[in-house]
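Let me begin by presenting the structure, written as structure tokens, before commenting on it.
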Amino acid sequence: MLDIKYVRQNLAEVEAALARRGAGVDLHPFRAADEERRRDLAELEALRHRRNRVSADIARLKKSGDPAETLVGEMREVSQRIRELEQRVGESEERLNEILLGLPNLPHASVPVGRDSSENPVVAVWGEPPRFDFEPRPHWEIGARLGILDLERAARIAGARFPLYFAAGARLERALINFMLDIHTAEHGYREVLPPFIVNRRSMTATGQLPKFAADLFKLEGWDYFLIPTAEVPLTNIHQEEILDEEDLPVAYTAYTPCFRSEAGSYGKDTRGLIRQHQFNKIELVRFSRPEDSYAELERLLAHAETILRRLGLPYRVVELCTGDLGFSAAKTFDLEVWMPGQNTYREISSCSNFEDFQARRGGIRFRRKGRKGTELVHTLNGSGLAVGRTVAALLENGQRADGTVEIPPALRPYMNGAELLRP
RNA sequence: GGAGGGAUGGCUGAGCGGUCGAAAGCGGCGGUCUUGAAAACCGCUUCCCGGAAACGGGACGUAGGUUCGAAUCCUACUCCCUCCGCCA
């Protein structure tokens, strides 16, 4: 959520910044509700002031046994008017809140202006795409031939876009989860978390999935509960409505969770393979920092995610999302895209973002500076470190050999009982 | 599922319907003492909104209600705890 004071004082700038995102927003309804609220609030507070004073007078009169009927009668009317104004102010606030919850974050000044993903600049490239003396296959064919991936049977059990791994495939997924968590906890200083995979409406609203993107979520019938689309939601909400100590920052959490996404509106896109699933595993990285540190923290977070790709020897590039491709809550985002030989293209495997105080304001996540009064909102960041299913896909495609076997990267072999190859 | 208890400041925890934003303790900050530190002692320290400030308003789980006036009374809801039952 944007700061209401900032929006009020910079209406035109906010509209312009949101226009750069491609979100044409008219803030006139905001202004109208805001002015109405402030007008009513001024009257309301004046009346409450009067009531407070007169109530004290009444108390004094009663104590000394003097009659107070005149004042009591007068206050009856004042209280009636107060109730009316409270009602009106409440309605204005509801309107304002609804508007503010629907506004996306403002892009950081450094974010390149662009319409969509085609205008995302590539900021770094790592590794050489492998060369094959045969036609590289897509991962779903490799996985099927190895007998470790069975998306047809998964469809029977659940439906399209669900995973079903067997044997070395299941083991590979588990190996990657442990491999990534071990690096992030032992080398990058993250505290490991195993959070709920189902969260309430409040948490979804704090991180920005709600109210606008309900259609992307799986909701439990008969409950106000949702399956998490990413561990960002439970991890960021760990400190919902808390005041952290400055010396505890930055706070860094990592978690393995499955992720559930309805993928509404993506019909026909990536219908084959592991790229776009209703359920997939992901290792998430979440950081809470002081405002002045958050962009250095973003670099750090990005480097942590990159480490995984490098250790696995997977070629990738870093792209910076332009204003038009930025997610709702993010102020700035870098995507990591891994090379997929079977598809002859780079595919997103991690997304690392700084949300600044956007989520912290929605979730009430603050900190207190050492030796100073008052509180400030923290900055929140998160990134995938990495999406596990897509990592499996990348390993299968990059490690494939002419005879149908797949080479396991050396760094992962200890997690695979020392095996060097996946064979049919 | 059944029975009971509870929700108050960063934390623990008091609080007859009327100077209660709230006792006390802990923690934090500043000071005295000390070569320094600790201890001891003194002072300050809830959060949010408006305001340069003075000051004003609000918040005691949430939402309503009663009342001139609610942390205190009533209703509903949410969450937590204890016991019983069931259960991976």
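Labels below follow one simple rule: chain letters A, B, ... track the order of the sequence lines, proteins then strands, and each chain is numbered from 1.
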Item to check | Nearest-Å distance once atom P is located in both B/C74 and B/U66 | outcome: 15 Å
Checklist entry - Expressed in angstrom and rounded to an integer, what is the separation of A/Y225 atom OH from B/U78 atom P? => result 10 Å
Item to check | A/K370 vs A/R48, nearer the 5' end of RNA chain B by closest nucleotide | outcome: A/K370
Next on the checklist: Say we look at B/C26 and B/U45: how far apart would their C1' atoms be, to the nearest angstrom?
Outcome noted: 13 Å
Checklist entry - Quick one: which of A/F226, A/Y225, A/F260 gives a side-chain contact (heavy atoms from CB on, under 4.5 Å) with A/I198? => result A/Y225
Checklist entry - Near A/R369 CZ, under 6.0 Å, is it more than 12 heavy atoms from other residues, nucleotides or ligands? => result yes
Next on the checklist: What's the gap between B/A71 and B/C47 when it is taken at their C1' atoms, as a whole Å value?
Outcome noted: 16 Å
Checklist entry - A/H239 NE2 to B/G10 C1': how many Å, rounded? => result 14 Å
Next on the checklist: Check A/R50 with A/E74, please: is the shortest side-chain N to carboxylate O separation under 4.0 Å?
Outcome noted: yes
Checklist entry - Of all the base pairs, Watson-Crick or G-U under 3.5 Å, which form stems of three or more consecutive pairs involving RNA chain B? => result B:1-7 with B:78-84, B:10-12 with B:24-26, B:27-32 with B:40-45, B:46-50 with B:55-59, B:61-65 with B:73-77
Next on the checklist: Can you check the distance between B/C73 and B/G17, where both ends of the measurement are the P atom (answer in whole Å)?
Outcome noted: 7 Å
Item to check | Neighbour count >12 (heavy atoms, 6.0 Å) for atom CD, A/E98 | outcome: no
Item to check | d(CD, A/E247; C1', B/C29) in whole Å | outcome: 12 Å
Next on the checklist: Using modelled atom types and a 3.5 Å cut-off, is there a donor and acceptor pairing between side-chain atoms of A/T323 and backbone atoms of A/R21?
Outcome noted: no
Item to check | C1'-based separation of B/G21 from B/G57 [nearest Å] | outcome: 13 Å
Checklist outcome for this item: Given protein heavy atoms under 4.0 Å, the one-letter contact record of nucleotides 47-55 of chain B, with B base, S sugar-phosphate only and - none, is simply SS-S-----
Checklist entry - Which value, in whole Å, describes the distance between the P atoms of nucleotides B/A63 and B/U12? => result 22 Å
Item to check | Whether A/H278 side chain and A/R261 backbone form a donor-acceptor pair below 3.5 Å | outcome: yes
Item to check | Atom-pair distance (CG on A/D245; C1' on B/G27), nearest Å | outcome: 10 Å
Next on the checklist: Under 4.0 Å from OP1 or OP2 of B/G57: is there any side-chain N or O of A/H49 that close?
Outcome noted: yes
Checklist entry - Are the side chain of A/E15 and the backbone of A/L27 linked by a donor-acceptor contact shorter than 3.5 Å? => result yes
Checklist entry - Name the one of A/E84, A/R83, A/E91 that satisfies side-chain hydrogen bond (donor to acceptor under 3.5 Å, both in side chains) with A/Q87? => result A/E91
Checklist entry - So among A/E284, A/H184, A/H239, which one has a side-chain hydrogen bond (donor to acceptor under 3.5 Å, both in side chains) with A/Y253? => result A/H239
Item to check | Lys/Arg-Asp/Glu bridge criterion (N-O < 4.0 Å) met for A/K332, A/E320 | outcome: yes
Checklist entry - Which part of the nucleic acid, if any, lies within reach of A/N52 when heavy atoms closer than 4.0 Å are counted: base, sugar-phosphate only, or nothing? => result sugar-phosphate
Next on the checklist: From CD of A/E241 over to P of B/G10, roughly how many Å is that when rounded to an integer?
Outcome noted: 11 Å
Checklist entry - How far does the P atom of B/G58 sit from the matching atom of B/U72, given to the nearest Å? => result 15 Å
Checklist entry - A/L210 versus A/R201: any side-chain heavy-atom pair under 4.5 Å? => result yes
Item to check | Separation between the C1' atoms of B/A23 and B/C16, rounded to whole Å | outcome: 15 Å
Item to check | A/R31 CZ: over 12 foreign heavy atoms closer than 6.0 Å | outcome: no
Item to check | Base-contact (B) and sugar-phosphate-only (S) positions in nucleotides 60-71 of chain B, heavy-atom cut-off under 4.0 Å, - elsewhere | outcome: --------BS--
